[in-house]
Amino acid sequence: MNNLSFSELCCLFCCPPCPGKIASKLAFLPPDPTYTLMCDESGGRWTLHLSERADWQYSSREKDAIECFMTRTTKGNRIACMFVRCSPNAKYTLLFSHGNAVDLGQMSSFYIGLGSRINCNIFSYDYSGYGASSGKPTEKNLYADIEAAWLALRTRNASCFS
């Protein structure tokens, strides 16, 4: 059960409950990261490296359509963001909050397929504590992550999203 020790389980259920800690332990299940982001020397360009566990289903040409970067939340965490240019003539960009127990690496193939089918670009992000993102997965961090992703999508260089 989420790798909790016996003493942690006892403390979780026998001590006066702390709702935030209980929710964090039971609700957030970050997987082992399936990707890394490497920054170039200028600090402006990030390169996505997928592990075998990411189960990439496409060629390197499709991988070139993925732009990754980091942004900071109001809680001080750095979250990984991914912009997937799925269609050269897409009019829309979908902000996608992935489900629990996955990260951007695992979702990247899905984003290519989804965006291609519905003719739109995909913008997604990893929650604090997931993938390459820093911090711990908590409810408060989750709200800050969503806000930071929305702000990053709206304020990124317009040429990236046109």
Side-chain angles (χ1 to χ4, degrees), residues 2 20 23-40 43-162:
N2 198 16
S24 292
K25 293 253 186 217
L26 299 176
F28 299 108
L29 304 168
D32 291 334
T34 61
Y35 71 97
T36 57
L37 293 179
M38 303 297 287
C39 191
D40 67 4
R45 179 124 171 99
W46 294 83
T47 305
L48 174 68
H49 296 279
L50 298 170
S51 74
E52 286 185 18
R53 290 189 38 248
D55 196 27
W56 180 251
Q57 301 170 7
Y58 296 96
S59 71
S60 60
R61 185 172 54 94
E62 284 86 1
K63 193 172 171 193
D64 291 340
I66 297 175
E67 176 192 349
C68 293
F69 62 93
M70 301 293 279
T71 192
R72 194 162 296 277
T73 71
T74 57
K75 297 286 185 186
N77 296 324
R78 287 175 48 133
I79 59 168
C81 297
M82 178 181 279
F83 177 73
V84 185
R85 188 179 302 281
C86 301
S87 174
N89 59 351
K91 292 182 182 178
Y92 301 103
T93 297
L94 176 69
L95 174 59
F96 195 103
S97 297
H98 63 70
N100 199 1
V102 296
D103 68 9
L104 289 176
Q106 293 167 302
M107 296 299 295
S108 55
S109 286
F110 173 78
Y111 294 151
I112 295 279
L114 175 65
S116 298
R117 282 187 204 89
I118 63 175
N119 193 32
C120 75
N121 297 318
I122 308 288
F123 182 89
S124 191
Y125 59 99
D126 260 341
Y127 312 115
S128 294
Y130 285 65
S133 297
S134 68
K136 295 186 187 262
T138 66
E139 185 178 356
K140 288 181 181 179
N141 282 340
L142 177 68
Y143 296 135
D145 299 341
I146 294 166
E147 185 179 338
W150 174 242
L151 183 63
L153 173 59
R154 289 183 21 230
T155 59
R156 283 292 281 178
N157 184 342
S159 66
C160 293
F161 304 111
S162 59

_Run the side-chain contact (heavy atoms from CB on, under 4.5 Å) test on N89 and N119 for me, step by step, so that the C-alpha distance in whole Å, both residues' side-chain angles and the decisive distance to 0.1 Å come before the verdict._
CA-CA 8 Å; N89 59 351; N119 193 32; 3.3 Å; yes
To the nearest 0.5 Å, atom CD1 of I118 lies from atom OG of S87 at 10.5 Å
**Message:** Check whether N77 reaches the backbone of S128 with its side chain - one donor and one acceptor, N or O, closer than 3.5 Å.
**Reply:** no
Is there a donor-acceptor pair under 3.5 Å between the side chain of S134 and the backbone N or O of R78? yes
Q: Count the heavy atoms belonging to other residues, nucleotides or ligands that lie under 6.0 Å from OH of Y92, then report whether that count exceeds 12.
A: no
* Within the distance-only criterion (no hydrogens, no angle test), does the side chain of S109 pair as donor or acceptor with the backbone N or O of Q57 below 3.5 angstrom? -> yes
The reported gap from CE in M38 to OG1 in T36 (rounded to nearest 0.5 angstrom) is 6.0 Å
field: Donor-acceptor pair, side chain of T155 and main chain of L151, under 3.5 angstrom
entry: yes
Taking every heavy atom of P30 against every heavy atom of G129, the minimum-distance pair comes out as CB-O, 3.4 Å
Tightest non-hydrogen contact, residues A152 and F123, listed as CB-CZ, 4.1 Å
### Query
Would you find a donor on one side and an acceptor on the other, under 3.5 Å apart, between the side chain of R154 and the backbone of W150?
no
Check your understanding: Does some side-chain heavy atom of L94 sit less than 4.5 Å from a side-chain heavy atom of N121?
Key -> no
| Check against side-chain contact (heavy atoms from CB on, under 4.5 Å), Y35 and H49 | CA-CA 5 Å; Y35 71 97; H49 296 279; over 6 Å; no
- Task: Would you indicate whether R45, at its atom CZ, is surrounded by more than 12 heavy atoms from other residues, nucleotides or ligands within a distance under 6.0 Å?
- Result: no
Using a 3.5 Å distance criterion without hydrogens, assess whether the side chain of Y127 forms a donor-acceptor pair with backbone atoms of D145.
no
>> Within the 4.5 Å heavy-atom criterion, are W56 and K63 side-chain neighbours or not?
In response: yes
Backbone N/O of F96 and side chain of S124: donor-acceptor pair under 3.5 Å:
yes
Hits for ring pair (Phe, Tyr, Trp, His ring centres under 6.0 Å) against W46, two or more places apart or cross-chain, chain-then-number order -> none
Are any of the side-chain heavy atoms of D103 and P33 separated by less than 4.5 Å?
-> yes
Checklist entry - Should I66 and S108 count as side-chain neighbours, where that means a heavy-atom distance under 4.5 Å? => result yes
>> Has D126 got a side-chain atom pairing as donor or acceptor with I79's backbone, closer than 3.5 angstrom?
In response: no
**Prompt:** Is there a side-chain contact between M70 and C81, using heavy atoms and a 4.5 Å cut-off?
**Reply:** no
Between N141 and K136 the two heavy atoms that sit nearest each other are ND2-O, 2.7 Å
task = For the pair R85 (side chain) and E67 (backbone), establish whether a donor and an acceptor sit closer than 3.5 Å, ignoring hydrogens and angles.
result = no
task: Compare all side-chain heavy atoms of H98 with those of Y130 and state whether any distance is below 4.5 angstrom.
output: yes
Using modelled atom types only, decide if a donor and an acceptor are shared between the side chain of S51 and the backbone of T34 within a distance under 3.5 Å. yes
Value for CZ (F28) from CG (L142), rounded to nearest 0.5 Å, stands at 5.0 Å
- prompt: Where do C120 and T93 land on the side-chain contact (heavy atoms from CB on, under 4.5 Å) test, with the steps shown first?
  reply: CA-CA 6 Å; C120 75; T93 297; over 6 Å; no
Distance alone, cut at 3.5 Å: any donor-acceptor contact between the side chains of Y143 and E147?
no
Can you find a heavy atom in the side chain of Y125 that is under 4.5 Å from one in the side chain of L153?
no
Note: A54 and G105 closest approach over all heavy atoms is CB-O, 3.4 Å
